[in-house]
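See below for the structure under consideration.
Sequence lines set the chain letters: A, B, ... in the order given, protein chains first and strands last, and positions in each chain run from 1. Given the structure is predicted, the values throughout are model-derived calculations rather than measurements.
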Amino acid sequence: MENSDFAGIFRRMGEFLELREDNPFKIRAYEKAAANIESLSEPLESVYRKGGIPALREIPGIGEAIAEKIEELIKTGRLKAYRKLEKEFPKKFIELMSVPGLGPKTAIMLKKKLKIDSVAKLESAAKKGLLKGLPGMKEKKIENIKKGIEQHKRHISRALLPVAFEHAFALVNYLKKLKGVEEAVPAGSLRRLQETIGDIDILVISEEPESAIEGFVKYPEVDRVLARGETKSSVVLADGIQVDLRVLGRSDFGAALHYFTGNKAHNIEIRQLAQDKGMKVSEYGIFKGKKRVGGEKEEDIFSLLGLDYIEPELRQGQGEIEAAKTGKLPKLIEIKDIRGDLHVHTNASDGSNTIEEMAEAAKKLGYEYIAITDHTVSSRIASGLTEKELLANIKKVDAANKRVKGIKILKGAEVDIRPDGKMDYPDGILKQLDVVIAAVHSKFTMNKKEMTDRIISAIENKYVNILAHPTGRLLGSRDPYELDMEKVLKAAQGTGTFIELNAHPVRLDLFDIYCREAAKMGILIAINTDSHTTMQFGNIKWGIAAARRGWLEKKNVLNALPVDKLLKKLRQKRGK
DNA sequence: GCCGTTTTCGGCCCGACTGTTTTCAGTCG
């Protein structure tokens, strides 16, 4: 079982207990355990193998009861307590609670009164007018449920970061022009630069909240107003994205921005810490008793709690507060630290521009080097190069190096890892390249062991420098393939192979937890754009965002090295 | 169910909005 499977089970346990109106703190305990398991870099199974129940209990949020449940799951592959509840509340029934505005109480009532146990049944009951007359159900509530079902159906997938950014950018500009609005800034998962965005959160600073809210709900893109109060409002935009707005005064800005930026786990942890220190944190400031002691600046919250400033990308409740207590926060990588791009395509395979055009574009960004890494013969769809074509391309790189001054163009290839683990070119060809990237482009459905073996055998090839887009996921369209990442990282560590964090906004793997793990193991990460046009070099910002969420520093990143050191690193594996 | 240089028992983050409730429950972030 994967960590995500354990987390899923415990999260579901929380939902079961919520439906049973169990102790709310018990529910939170399960949620917390699930979240902590999810952010663990080591597989739970291996934690258990090494240290049994005592080792499990060292994980925050896991105590006696949950540790025993994990043991039961590992030993028997099932959990009695879970099975029992699963029968009572099947998955389809649980889905009812993902309809906006419909929570556990209503779901239970619907089940009791009308035997409704799925969104589909709820929809047909609503259409038939069966909801009328149920407890707490009148015109407006029924109408809201109907709209909620529509929203639920339309909005199952989350928005990619760049898409959400565009929406937020336009909206913020609109809000800033409203009367009395001093400031409008994106917060929430957008400010944390999460790879996908559920809702857009925006904080507005104004001393006239009513008129700010008034202007907000009149934004031309607004399709539906979900809530409209004195200081907050929620709307759904025409393309289904929800936007939550919060209006606060200038003096609350820091506290409000903090409250609206961290995820739930981070905020709970901060407030818990404040409580332990005899203080209280809310969006209105930080308080000692009744006395407000800060909140104008975001830094107030951290400094008064004895913490170093935590960058927004780290506010995920994954150990950042503990690290901030002890001065152990990373100094996060920044765009300006990047000195080159090691994964670049040209019109020799499936790119759009020539080698020279790509090199000139990279030079404009201030890069010292790029590597030309077109596809290899097996990637027919991507017009992969034959050996002969590759050799011709190498000569073109030599010629380009002479013509384009001020940037070093490296010879490379993005070489397919065949299903049997062999590389798409023989070693005799690979050794003529400066940079060899290995990647899986076919047969994604292999089982975990086969895929792990396949990738490890590529890593073990002494000419392979970088494992590209290591999980193969495409956000919104393809799940990651089955892979034992722990083994892959160990192989990379043992052989001196680097791992790519692909900056394309639909890829963005390596995921954050593995970035952290790789960095801990001393594996260098290459943050590459995989550019197929000159425009795509700009995608580096999404890669940097993902890297920062993965706690990476400049020293962890391969292409933050100057060219001479980079070349030395690349040659190390070959024993030169 | 978890957790502890105040506690091994008694706590557990904080606040806003809606709709139906005549004083508040349910839901959300």
Which part of the nucleic acid, if any, lies within contact of A:Lys138, taking any heavy atom under 4.0 Å across all strands shown: a base, the sugar-phosphate backbone alone, or nothing? sugar-phosphate
Between B:dC17 and A:Thr231, is there an OP1 or OP2 to side-chain N/O distance shorter than 4.0 Å? yes
Nearest-Å distance, CG (A:Leu134) to P (B:dT20)? 12 Å
Options B:dA16, B:dC12, B:dG26, nucleotide nearest the side-chain atoms of A:Arg28: B:dC12
Spacing between A:Ile108 atom CD1 and B:dT27 atom C1', to the nearest angstrom: 16 Å
So does A:Tyr284 get a side-chain nitrogen or oxygen closer than 4.0 Å to the phosphate oxygens (OP1/OP2) of B:dA16? yes
What integer distance in Å separates A:Leu102:CG from B:dG29:C1'? 17 Å
Tell me which nucleotide, if any, is Watson-Crick or G-U wobble paired with B:dT8 when both distances must be under 3.5 Å. none
Could you measure between the two P atoms, the one in B:dA16 and the one in B:dT20, and give it in whole Å? 22 Å
Expressed in angstrom and rounded to an integer, what is the separation of A:Leu131 atom CG from B:dT20 atom P? 12 Å
Please classify the nucleic acid contact of A:Val99 as base, sugar-phosphate, or nothing, using heavy-atom distances under 4.0 Å. sugar-phosphate
Compare the minimum distances between each of B:dG29, B:dC2, B:dT21 and the side chain of A:Asp244, then state the nucleotide with the smallest one. B:dG29
State whether A:Ser233 places a side-chain N or O below 4.0 Å from either non-bridging phosphate oxygen (OP1 or OP2) of B:dC17. no
Of all the nucleotides listed (B:dG29, B:dT18, B:dG19), which has the minimum atom distance to the side chain of A:Lys140? B:dG19
Which value, in whole Å, describes the distance between the P atoms of nucleotides B:dC13 and B:dG4? 14 Å
Whole-Å distance between B:dC14 P and A:Tyr259 OH? 13 Å
Taking atom C1' in both B:dT8 and B:dC12, what distance in whole Å separates the two? 15 Å
Distance, rounded to the nearest Å, where A:Glu31 contributes CD and B:dC2 contributes P: 14 Å
For nucleotides B:dG19 and B:dC9, find the distance between their P atoms and express it as a whole number of Å. 47 Å
Parallel, tilted or perpendicular: which one describes the rings of A:Phe302 and A:His258, with boundaries at 30° and 60°? perpendicular
Axial cation check for A:Phe10 ring with A:Lys69, 6.0 Å and 45° limits: no
Of the listed nucleotides B:dA16, B:dC13, B:dT20, the one nearest the side chain of A:Lys141: B:dT20
Tell me whether the side-chain N/O atoms of A:Gln275 come closer than 4.0 Å to OP1 or OP2 in B:dC14. yes
Distance between the P atoms of B:dG26 and B:dT22, in whole angstroms? 14 Å
Give a yes/no on whether any side-chain N or O of A:Lys69 is located under 4.0 angstrom from OP1 or OP2 of B:dG1. yes
When you compare B:dG11 with B:dT7, how far apart are their P atoms, in angstrom units rounded to a whole number? 14 Å
Roughly how many Å is it from NZ in A:Lys32 to P in B:dC3, rounded to a whole number? 7 Å
How many whole angstroms separate atom CD of A:Gln272 from atom C1' of B:dC2? 10 Å
Where the side chain of A:Ala29 is concerned, which of B:dC2, B:dC17, B:dT27 is the nearest nucleotide? B:dC2
For the side chain of A:Pro104, starting at C-beta, report the closest nucleotide among B:dT20, B:dC13, B:dT27. B:dT27
Give me the distance, rounded to whole Å, that separates B:dA25 from B:dT21 when you measure between the P atoms they each carry. 13 Å
Classify A:Leu17 by what it touches in the nucleic acid, base, sugar-phosphate, or nothing, heavy-atom distance under 4.0 Å. nothing
When A:His266 is tested against each of A:Arg192, A:Arg271, A:Glu320 for side chain to side chain donor-acceptor pair (under 3.5 Å), which residue passes? A:Glu320
Nearest-nucleotide check on DNA chain B, A:Ile268 vs A:Met137; residue mapping nearer the 5' end is A:Ile268
A:Asn144 has its side chain closest, among B:dC2, B:dG19, B:dG29, to B:dG19
With sugar-phosphate meaning primed atoms plus P, OP1 and OP2, does A:Pro24 contact a base, only sugar-phosphate, or nothing at under 4.0 Å between heavy atoms? nothing
Atom C1', compared across B:dG10 and B:dT27: separation rounded to whole Å: 28 Å
When we call it a touch if two heavy atoms are under 4.0 Å apart, what does A:Ser234 touch: a base, just sugar-phosphate, or nothing? nothing
Can you tell me if A:Asn173 uses its side chain to pair, donor with acceptor, with the backbone of A:Ala170 under 3.5 Å? no
Do A:Arg250 and A:Phe253 form a cation-pi contact, if we require the NZ or CZ to be under 6.0 Å from the six-membered ring centre and within 45 degrees of the ring's axis? yes
Closest-nucleotide mapping onto DNA chain B: is A:Ile213 or A:Met97 further toward the 5' terminus? I mean the 5' end. A:Ile213
What nucleotide among B:dT18, B:dG1, B:dC17 has an atom nearest to a side-chain atom of A:Glu230? B:dC17
With a 4.0 Å limit, can you tell me whether A:Gln242 has a side-chain N or O closer than that to the phosphate oxygens OP1/OP2 of B:dG29? yes
Using the salt bridge (Lys or Arg N to Asp or Glu O under 4.0 Å) definition, which of the options A:Lys153, A:Lys128, A:Lys147, A:Lys146 pairs with A:Glu123? A:Lys153
Given B:dT18, B:dG26, B:dG15, the nucleotide with the shortest approach to the side chain of A:Lys280: B:dG15
Show your reasoning for whether side chain to side chain donor-acceptor pair (under 3.5 Å) applies to A:Gln316 and A:Arg549. CA-CA 9 Å; A:Gln316 312 185 66; A:Arg549 291 172 53 78; 2.8 Å; yes
Considering only side-chain heavy atoms of A:Ser282, which listed nucleotide, B:dG1, B:dG15, B:dG29, is closest? B:dG15
Test side-chain contact (heavy atoms from CB on, under 4.5 Å) on A:Val235 and A:Asp223; report intermediate values, then the result. CA-CA 7 Å; A:Val235 301; A:Asp223 182 54; over 6 Å; no
